[in-house]
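Right, one structure below, let's go through it.
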Amino acid sequence: MNYARGFEVKAPEKQIVLTKDFARKVSDITSAEYTTFMNLRAAYPTFAVMKYTIDQKKEREHYGKLSYKVMATLIAEWEKDNAKAALEELESKKREAECCDGSYGIVKKWFLGKYGKQYNNLRATGNANN
């Protein structure tokens with residue numbers, strides 16, 4: 001998919017695939033995207049128009065309600081002997097990740113790398129928030 005253009009013509013599949021943004025802009029009949037789309041429809045009248053979708057991993061695990069607050073609570077519960085140092089490590093990871101895009105994902109990856117087995121056991125028993 002060429003994101004810069006916003007569309008792709010797939011001849012073997014007989015499809016015109018549009019990005020979400022391009023499809024949104026096509027709804028404005030005064031836009032350049034609308035003109036481009038109408039030219040595509042004229043050039044390929046039998047092709048189906050599809051929206052581009054990302055292939056999702058079916059085995060992907062979701063951690064919907066795993067917030068920083070929940071992480072801190074769980075760490076304090078699991079690290080009773082050394083809770084202060086463990087919570088300081090969490091805060092340190094949060095500060096390190098602040099400068100990056102997707103900072104929550106970085107901290108979540110760290111948390112699951114360190115406490116993933118415990119958290120998954122908690123979720124399996126149904127006691128987790130998600």
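Just so you know, these numbers use all the heavy atoms, side chains as well, and skip hydrogens, waters and symmetry mates.
Contacts of Tyr34 classified as ring pair (Phe, Tyr, Trp, His ring centres under 6.0 Å), with partners at least two apart in sequence or in another chain: none. Applying the side-chain contact (heavy atoms from CB on, under 4.5 Å) criterion to Asp81, with sequence neighbours excluded, gives no partner residue. For Glu88, the side-chain contact (heavy atoms from CB on, under 4.5 Å) partners at least two apart in sequence or on another chain are Lys84. Residues passing the salt bridge (Lys or Arg N to Asp or Glu O under 4.0 Å) test with Lys109: none are found, sequence neighbours excluded. Applying the side chain to side chain donor-acceptor pair (under 3.5 Å) criterion to Lys10, with sequence neighbours excluded, gives no partner residue. With sequence neighbours excluded, the residues that form a side-chain contact (heavy atoms from CB on, under 4.5 Å) with Thr35 are Asn39. Lys94 pairs by the side chain to side chain donor-acceptor pair (under 3.5 Å) definition with Glu91, not counting sequence neighbours. Annotation: salt bridge (Lys or Arg N to Asp or Glu O under 4.0 Å) contacts of Glu77 (sequence neighbours excluded): none. Considering only residues two or more places apart in sequence or on other chains, Phe37 meets the ring pair (Phe, Tyr, Trp, His ring centres under 6.0 Å) condition with none of them. Contacts of Arg24 classified as side-chain contact (heavy atoms from CB on, under 4.5 Å), with partners at least two apart in sequence or in another chain: Asp21.
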Item to check | Derivation of the side-chain contact (heavy atoms from CB on, under 4.5 Å) call for Glu79 and Tyr115 | outcome: CA-CA 10 Å; Glu79 298 281 350; Tyr115 300 103; 3.3 Å; yes
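Of the inter-residue distances, the one linking Met50 atom CE with Leu18 atom CG reads 10.0 Å to the nearest 0.5 angstrom.
Of all the heavy atoms in Ala23 and Lys51, the pair that sits closest is CB-CE, 3.8 Å.
Screening residues 8-28 for ring pair (Phe, Tyr, Trp, His ring centres under 6.0 Å) gives Phe7-Phe22 as the qualifying pairs, with residues at least two apart or on separate chains.
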With a 3.5 Å cut-off and sequence neighbours excluded, list the donor-acceptor pairs that the side chains of residues 68-75 form with protein atoms.
unit_1 : atom_1 : unit_2 : atom_2 : d
Thr73  : OG1    : Lys69  : O      : 2.9

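With contacts defined as side-chain heavy-atom distances shorter than 4.5 Å, the pair Asn120/Leu112 does not qualify.
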